[in-house]
2 protein chains.
Amino acid sequence: MSRSVKKDTLLKVAESLFYEHGFRGVGLKQIINEANVATMTLYNHFSSKENLIEEVLKQREERYWSYLDAHVEMESDSPFILAAEAHGRFLKEESYKGCMFLRAIEDYGEMDNNIEKIARGHKQKLLEYFQQLAHRKGKNNEKDLANQFTLLLEGTTSMTPLIGAEKATEYSIAMARTLVQHTS
Amino acid sequence: MSRSVKKDTLLKVAESLFYEHGFRGVGLKQIINEANVATMTLYNHFSSKENLIEEVLKQREERYWSYLDAHVEMESDSPFILAAEAHGRFLKEESYKGCMFLRAIEDYGEMDNNIEKIARGHKQKLLEYFQQLAHRKGKNNEKDLANQFTLLLEGTTSMTPLIGAEKATEYSIAMARTLVQHTS
DNA sequence: CTTAAAGTAGAAAGATCGTTCTATATAACT
DNA sequence: AGTTATATAGAACGATCTTTCTACTTTAAG
């Protein structure tokens, strides 16, 4: 077996609990109980709580990208709309409490740890991805467009706890359409 | 003296620390130390940590509204742009780590406490405020417009930790202009 | 079948948390 | 001057946190 099933369970349970109650709001005991695992099993797979959080973030990031990769045709004539739809799908299926990466930056920022680096890295990659999209569409102001579109997606995520993922996504797609049409 | 200076110091210090490190990331000891106050002084003014958080949120909400009230002329022909500018001013002067109210909802949500109620109440009031703005502008789809504009502001707040308040506000105003022009 | 790896339960250490308590000091007001 | 409200420092409580430890059991591959 290339990878322990216990480790996978731990990651899954940890991500769910961390997302629902925050990193600092969940103790390892809770994770261990819900994963039906012994304390030392956790510490055999992860060197510390911080390390567990790091791997949870990496796992979530991978899954986020799989949503984008699956739905965004880069050569399409509306890749931004496709990205907004993919983002909405992710929210609908896995998010209802805002962005876990922003939360990691807020909770562990400016402390020189890997947690913040991973979270910021994800956002950076996202921005660059959208810059590519803008570039392929022949837009000259790639950075501005990428930033604006990211702002739209972050707004969508933030709105899910308030109005739900479906409506938030609806709005962001409507706005994205308007913006793509009327932006140089 | 209508209100203790110690209480004000506590609220100020608590808001700053809670905002920077999260509610669960800050202990009362830290707040007490930085406020140069005795333990019992805190407990004489606030019945618990939860209660302190509640009052911090109320204080912050008041200050947020004072930004809107000061800069938004409801009768103006572009109240939404003014609101976006006021929001940007608040971010620039008091925020660099996302929205404290969303964070409160995330951290204490679904636990039936006052913290969540206050935070959700603030967001609800904001939505209704923007609905009024849309109504005065003679828009028929008030709710949609208010939701979309709120999404824009939330996106702006979320982006501040990534690109700073100035740029984020710039983008949101640019987008707001485009949207106001091209939305029924 | 054996052996090494992986998992088990649970206690324990050491730190920190929110909260309460005690006992004292300061300041303002009648 | 005396009373009252507000502040003080710091010990103490019980709970919980992360991490480590011990000693036992299961699992899986050679």
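All chains are named by letter (A, B, ...) in the order of the sequence lines, taking the proteins before the strands, and each is independently numbered beginning at 1.
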| Within 6.0 angstrom of A/Glu62 CD, more than 12 heavy atoms from elsewhere |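 No, the 6.0 Å shell around CD holds no more than 12 heavy atoms from other groups.
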| What is the minimum heavy-atom distance between B/Thr169 and B/Gly88, and which atoms define it? |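 That would be OG1-CA, 3.3 Å.
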| request: Would you sort out whether A/Ser95 and A/Thr160 count as a side chain to side chain donor-acceptor pair (under 3.5 Å), showing the intermediate values? | output: CA-CA 8 Å; A/Ser95 295; A/Thr160 35; over 6 Å; no
| request: With heavy atoms under 4.0 Å as the rule, sort B/Asn51 into base, sugar-phosphate or nothing. | output: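 No contact.
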| query | Base, sugar-phosphate, or nothing: which does B/Thr39 touch, judged by heavy atoms less than 4.0 Å apart? | reply |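 Base contact.
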Mind calculating the distance between [atom1] ([X]) and [atom2] ([N]) to the nearest angstrom?
X	N	atom1	atom2	value
B/Ile53	C/dC17	CD1	P	14 Å
A/Leu42	C/dA6	CG	P	16 Å
A/Phe23	D/dC17	CZ	P	17 Å
A/Lys29	D/dA15	NZ	P	13 Å
A/Asn36	C/dA9	CG	P	8 Å
B/Tyr43	D/dA7	OH	C1'	17 Å
B/Leu28	D/dG10	CG	P	18 Å
A/Lys7	C/dA5	NZ	P	17 Å

| said: Heavy-atom nearest nucleotide on DNA chain D for B/Thr41 versus A/Arg24: which residue maps closer to 5'? | reply: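 Result of the comparison: B/Thr41.
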| query | Are B/Lys6 and D/dT8 close enough that a side-chain N or O sits under 4.0 Å from OP1 or OP2? | reply |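 For B/Lys6, the contact criterion (side-chain N or O under 4.0 Å from OP1 or OP2 of D/dT8) is met.
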From the list [options], which nucleotide is the closest neighbour of the side chain of [X]?
X	options	answer
A/Met40	D/dT22, C/dT20, C/dG7	D/dT22
A/Ala38	C/dA9, D/dG10, D/dT18	C/dA9
A/Lys49	C/dG7, C/dT8, D/dT19	D/dT19
B/His45	C/dG18, D/dA7, C/dA9	D/dA7

| task | Please check if any side-chain donor atom of B/Glu128 sits under 3.5 Å from a side-chain acceptor atom of B/Gln124, or the reverse. | result |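 Result is yes, a qualifying pair exists.
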| request: Consider only side-chain N and O atoms of B/Tyr108 and B/Asn113, and report whether a donor and an acceptor are under 3.5 Å apart. | output: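 B/Asn113 and B/Tyr108 do not have a side-chain donor-acceptor pair below 3.5 Å.
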| said: Here's one to test your reading of the geometry: is the NZ or CZ of B/Lys7 within 45 degrees of the ring axis of B/Phe46 and under 6.0 Å from its centre? | reply: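 Geometry flag: set, cation within 6.0 Å and 45°.
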| For the hydrophobic clusters of this structure (ILVMFWY residues joined by side-chain heavy atoms under 4.5 Å, transitively), does one cluster hold both A/Val72 and A/Ile81? |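 Result: no, two separate clusters.
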| task | Please work out which residues in residues 12-20 of chain B have a non-hydrogen atom less than 4.0 Å from an atom of DNA chain C and list them by number. | result |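 Going residue by residue through residues 12-20 of chain B, none turns out to have a heavy atom under 4.0 Å of DNA chain C.
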